[in-house]
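See structure below.
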Amino acid sequence: MKDVIFGAHILEILTTGMYQDSKVIYREYIQNSSDQIDKAIRDGILKQGEGSIKIWLDREKRTIAIEDNATGISAEEFQSTLLNIADSDKKIGENKGFRGIGRLCGLAYCKQLVITSSSKGENIVSILVCDAQKMRRFIDEHARGKKHTANEVLQSICRFEQKEEKNIDSHFFKVDLIDINSENTDLLDFQQVKDYLSFVAPAPYQSSFNYRKKIYKHANDLGTIIDEYNITLNGEPIFKKYTTVLKDVTDTKYDEIFDVHFKDFFDADDRLFAWMWVGLSQFKKAIPPKNNPMRGLRLRKENIQIGGEDSLQKLFKESRGNSYFVGEVFAVDKGLIPNSQRDYFNENRARIDFERELKKYFNEELQKVYYAGSEINSAYRKIDSFEKKETDFKAKDANSTFIDSAHRKHELKSVQDSEKEAEAAQIKIEKAKGKADSLTQRVISQIEAERAKSVAKSVSPKSKALESAKLSRQRDKLSKYSKNERNLISKIFRIISAAVDAETADKITKKIEEEL
Amino acid sequence: MIETIGKSKDNKIMNLLAEVTGGMSYKAHKYALDHLERPSVDYGPSEIVWKRRAETTPHRTYIDLSERCKTLAGQDDQILSYFLDGSRRIFKVDDMAYTHSGGRGVIYPVVAGQIGIGCCRRIDKRVVPARFKREFVLSMPDVADADGKSGFWPATVKKLNECAELKRLGIDFSTILPYKTSKNDDKKYEDRATASIQDRMIEREKELVAELVREGMLNQDNYLVKDGSLEYRPTKEDKSDKRKYQTFKNNYNWVIGASKNFNPEVCMDVYGKPNPKFIADLPLYHRTPVAEYENDMLGDIKFAVWYIRLRDKNQTRTPFDGILKVEKILVTEEENEHGIESELVDTVSAYLINERNPVCYGSDLRWANHIYPIHLTESFVKSRYLSTESFLHLF
């Protein structure tokens with residue numbers, strides 16, 4: 001059999017063609033560094049917590065540097081480790097990366113890629129300089145018919161160097177992306193990169209997220225750990241940006257995560273294959289994407305996010321389901337293998353089982369919770385609306401601010417209609433409570449507790465019997481006008497009252513009265 | 001006031017100082033210049049305007065933290081790990097005469113001080129000493145260096161430290177701080193000398209914070225609470241390497257200043273009028289919105305400041321007792337642009353409120369504004385001082 005030829009195009013597939021979003025380069029290099037930090041800890045080179053991954057962006061010089069203080073690569077292994085493709089020693093299920101292709105991804109976005117490393121105990125720094133621009137030129141020629149093999153291209157674009165390292169104990173691995181392509185300027189945008197890493201990278205929760213300890217404890221009780229690394233971007237530490245406050249599009253708080261709930265998934269042999277936490281709120285509405293970067297149930301493997309915020313959306317019967325929640329699903333099973341783009345899992349038996357169980361939980365349990373949440377919130381809104389209308393009505397009676405008896409009758413009708421709706425809403429609430437499981441019951445209790453607080457705050461005016469009110473507005477306030485004038489003014493008030501909502505009508509009428 | 005009676009025959013330090021500086025020692029009474037620590041209002045020059053919001057949620061009124069306090073207390077979690085405090089003890093140790101033009105002799109006080117900076121760390125609910133620095137300093141009138149030679153004071157300290165008495169006791173003076181004697185200041189000489197020692201203490205305090213920061217001891221799970229205001233300006237050395245500087249600056253993310261005394265008059269409302277009532281009326285376990293202020297002294301560094309009430313007004317004597325002023329440096333790009341994450345402010349404030357018990361009632365008049373680990377740190381620092389008697393016998 002003849003030798004198999006890998007054409008230059010394979011490099012295009014592994015670099016430019018691999019990912020949709022250029023920012024994945026950060027994830028790929030962080031993934032490699034994390035594996036090496038784990039190894040350095042196992043080998044006793046680093047103590048727990050000493051590992052660090054530092055990313056530096058320089059917008060002016062158009063450079064990116066990603067550096068870790070893990071094992072580094074020895075001078076002896078440097079060339080083979082970095083030149084061989086898809087030939088990694090790492091193992092599926094044990095390491096975060098295992099395909100041996102991630103280090104190439106940077107070649108797509110810069111003019112030159114430089115990898116520098118040194119391992120503990122040797123006084124050599126090994127350097128690999130890759131001419132990324134030249135690689136793309138070769139690939140282009142290949143596509144136009146001038147054939148090149150992948151080996152030929154790599155041999156031609158890579159240059160190895162060595163220099164002396166004075167500190168024999170230093171150990172690091174550093175990737176420099178030099179002269180970032182103009183079309184990839186986003187890679188140098190500090191805020192964009194920080195926002196991306198805040199959810200994708202295996203970073204700790206920020207300490208202002210109240211429930212982090214509960215989450216760690218649960219993981220610990222399950223005998224798993226959440227892999228976390230010290231990652232900094234231009235010196236600023238990266239954290240998972242979970243907060244307990246849910247904000248409206250206007251940046252105001254409308255709901256709050258009051259607790260977290262856990263669900264563990266076990267297979268037929270009672271082996272844990274995934275677990276999750278989900279934030280419990282009042283589920284007032286689908287969480288708006290603006291001002292709530294953490295929304296959605298996010299999928300993670302080895303604490304690196306798989307896909308975007310919507311990777312689990314398809315498991316909900318209703319696609320909006322995912323947007324009611326904040327939470328994370330941690331895949332544990334070794335059979336759940338991230339695909340090469342890391343936007344989902346490879347299709348296999350483990351994935352089928354995983355999806356089946358998650359679908360069941362999402363659609364049988366979680367759906368009930370957000371349904372009950374929205375139903376009860378809407379029912380209480382109706383009750384609140386009735387209470388407000390009734391209070392307003394009583395206040396108007398007390399202050400004698402109805403225009404005439406027709407106006408009062410019209411408003412009374414509105415209060416009575418609202419009362420009927422409130423009664424129906426109350427029945428709905430009781431029914432929902434009756435069939436609620438414990439999780440839904442917790443949400444309902446929270447809604448009721450919060451409502452009790454807001455009701456306690458509102459002060460109701462001294463009430464008078466609805467039917468016994470006097471209509472003295474015109475008599476008191478318009479007494480200086482003639483009867484005809486009073487009739488005309490009353491007519492205007494009635495028109496206003498019919499044309500706009502009660503609140504606006506009241507405002508306009510008051511203003512006219514003041515002016516008069 | 002502590003006085004020592006009698007004049008020791010072996011006033012070696014004063015004799016030596018008189019000889020080196022060309023003055024004449026009067027071997028005057030020695031006594032402590034420190035006043036008792038009692039609650040006071042600190043009238044600082046800084047201005048705080050509420051309309052310059054420094055947090056992500058635009059609060060306009062008090063924020064209730066009682067629920068958050070309960071949640072955090074129930075979780076048995078802690079992020080306030082380090083507590084830092086600096087203090088000094090100052091004594092007038094002598095009167096020294098210097099001859100001016102025309103043979104006129106003027107008498108100036110010589111002031112000595114012990115400066116102690118300590119840091120305690122909380123590990124598993126126990127507060128243990130982590131760092132301590134002590135130094136002995138002297139403050140003398142600038143006329144003692146009549147020729148204004150550079151290196152005069154360091155050389156004098158060196159000579160002083162070679163004195164057999166100090167060597168025998170293993171004591172070193174670290175510096176002599178000259179105070180200005182020109183008359184364009186209403187302050188008494190003693191106060192000028194005290195101020196120079198106070199400045200030195202603040203510098204040493206800043207150095208210790210910077211040391212902890214530089215060593216990366218602090219992170220989001222290990223905040224440092226510094227007693228008093230945060231007045232930090234990076235040094236040239238800090239700024240020398242852009243990357244190192246950024247890392248260093250970011251470590252200040254985990255430092256908060258908690259002041260027991262503050263000037264409520266500088267809190268302006270949105271109309272620019274002083275509104276101390278806004279702070280005085282702060283309900284229990286609430287915080288104010290976060291305001292931002294800059295200080296020309298501190299260059300491009302911005303501060304966020306807010307107030308929290310630890311103790312009910314009914315339990316205290318003045319409206320400002322029980323209120324803690326909290327400061328944090330705005331460090332990250334996001335913080336400088338949008339302010340501190342309001343949730344973080346709530347969390348840090350709730351942790352501070354949860355420090356309200358136990359109290360140092362009876363042992364410190366400022367108990368209502370004190371948080372206990374800071375009180376312990378203060379006590380630790382004070383316990384390491386050389387006793388007043390031993391210290392005064394050096395002179």
Side-chain angles (χ1 to χ4, degrees), chain A residues 49-50 52 54-58 60-61 65 67 189-191 193-195 198 203-217 228 230 232-248 250-253 256-260 291 293-294 446 449-450 453 457, chain B residues 53 55-60 63-81 213 216-223 241-254 331-351:
Chain A
E50 277 183 348
S52 68
K54 291 177 182 166
I55 303 170
W56 298 97
L57 310 180
D58 194 324
E60 281 159 28
K61 291 183 186 158
E67 183 177 8
D189 185 313
F190 177 84
Q191 201 52 50
V193 175
K194 195 172 178 196
D195 290 344
S198 297
Y205 300 97
Q206 56 186 10
S207 60
S208 55
F209 182 56
N210 288 349
Y211 305 108
R212 61 184 191 133
K213 291 279 164 171
K214 259 191 169 177
I215 297 171
Y216 292 136
K217 184 178 179 303
E228 290 177 347
N230 301 326
T232 57
L233 179 67
N234 283 4
E236 290 188 15
I238 300 290
F239 297 113
K240 276 194 214 161
K241 276 184 140 176
Y242 282 98
T243 62
T244 54
V245 176
L246 299 176
K247 287 182 177 176
D248 235 323
T250 55
D251 207 17
T252 47
K253 176 182 161 183
E256 190 171 15
I257 295 174
F258 66 87
D259 201 357
V260 286
N291 298 325
M294 78 291 195
Q446 182 70 17
E450 286 298 316
K453 270 191 217 163
K457 272 186 192 166
Chain B
R53 173 167 66 90
E55 62 179 312
T56 53
T57 304
H59 292 298
R60 290 188 71 86
I63 297 99
D64 184 0
L65 300 167
S66 41
E67 280 303 315
R68 193 174 285 257
C69 290
K70 277 184 209 160
T71 311
L72 293 178
Q75 285 180 352
D76 198 18
D77 186 15
Q78 189 50 261
I79 58 170
L80 308 179
S81 306
V213 163
M217 314 277 274
L218 312 176
N219 54 47
Q220 69 156 359
D221 294 310
N222 294 291
Y223 272 77
D241 178 323
K242 198 179 161 194
R243 288 185 180 183
K244 273 188 188 159
Y245 177 48
Q246 267 173 308
T247 310
F248 175 72
K249 213 166 88 171
N250 276 297
N251 280 335
Y252 269 86
N253 248 332
W254 324 118
V331 174
T332 64
E333 286 192 25
E334 275 165 303
E335 279 184 351
N336 273 298
E337 203 172 322
H338 308 290
I340 310 175
E341 189 72 50
S342 292
E343 222 182 338
L344 176 69
V345 178
D346 290 348
T347 303
V348 169
S349 307
Y351 274 117

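Note on naming: letters A, B, ... go to the chains in the order of the sequence lines (proteins, then strands), and numbering restarts at 1 for each one.
- By number of non-hydrogen pairs under 4.5 angstrom with chain B, the leading residue of A:P204, A:S207, A:P237, A:G235 is A:S207.
- For chain A, the nearby part of B:Y223 is the side chain; its heavy atoms alone come within less than 4.5 Å.
- A:K247 and B:T56 make their closest contact through NZ-OG1, 4.2 Å (heavy atoms, listed as atom of the first residue, atom of the second, distance).
- Contact annotation for A:Q191: only side-chain heavy atoms (C-beta onward) come within less than 4.5 Å of a heavy atom of chain B.
- Counting heavy-atom pairs closer than 4.5 Å to chain A, the top-ranked of the candidates B:T71, B:T247, B:D77 is B:D77.
- Options B:N250, B:D346, B:T347, B:V348 differ in how many heavy-atom pairs under 4.5 Å they form with chain A, and the most are formed by B:N250.
- Atom NZ of A:K213 and atom CG of B:L72 lie 11.0 Å apart (nearest 0.5 Å).
- In this structure, NZ in B:K242 is found 5.0 Å from CG in A:D58, a value given to the nearest 0.5 Å.
- Contact of A:T243 with chain B is made through backbone and side chain together, with heavy-atom distances under 4.5 Å.
- Of all non-hydrogen atoms in B:R68 and A:N210, the two that sit nearest each other are NH1-OD1, 3.4 Å.
- Looking at A:Y205, the atoms closer than 4.5 Å to chain B (heavy atoms on both sides) all sit in the backbone: N, CA, C or O.
- The choice from A:K253, A:K241, A:K214 that makes the most heavy-atom pairs within less than 4.5 Å of chain B is A:K241.
- Note: B:D221 leads B:N253, B:I79, B:D221 in heavy-atom pairs under 4.5 Å with chain A.
- Comparing B:E67, B:Q246, B:K244 by how many heavy-atom pairs each has under 4.5 Å with chain A, the most go to B:Q246.
- Of the listed residues (B:V345, B:L344, B:I340), just one forms a side-chain contact (heavy atoms from CB on, under 4.5 Å) with A:S208, and that residue is B:L344.
- Smallest separation of non-hydrogen atoms from A:A65 and B:R243: CB-NH2, 4.1 Å.
- Taking chain B as the reference chain and counting heavy-atom pairs below 4.5 Å, the highest number among A:N234, A:T252, A:T244 is found for A:T244.
- Among A:Y211, A:F239, A:F209, A:F190, the residue making the largest number of heavy-atom pairs under 4.5 Å with chain B is A:F239.
- The two residues A:K194 and B:E334 come nearest to each other via the heavy atoms NZ-OE1, 2.6 Å.
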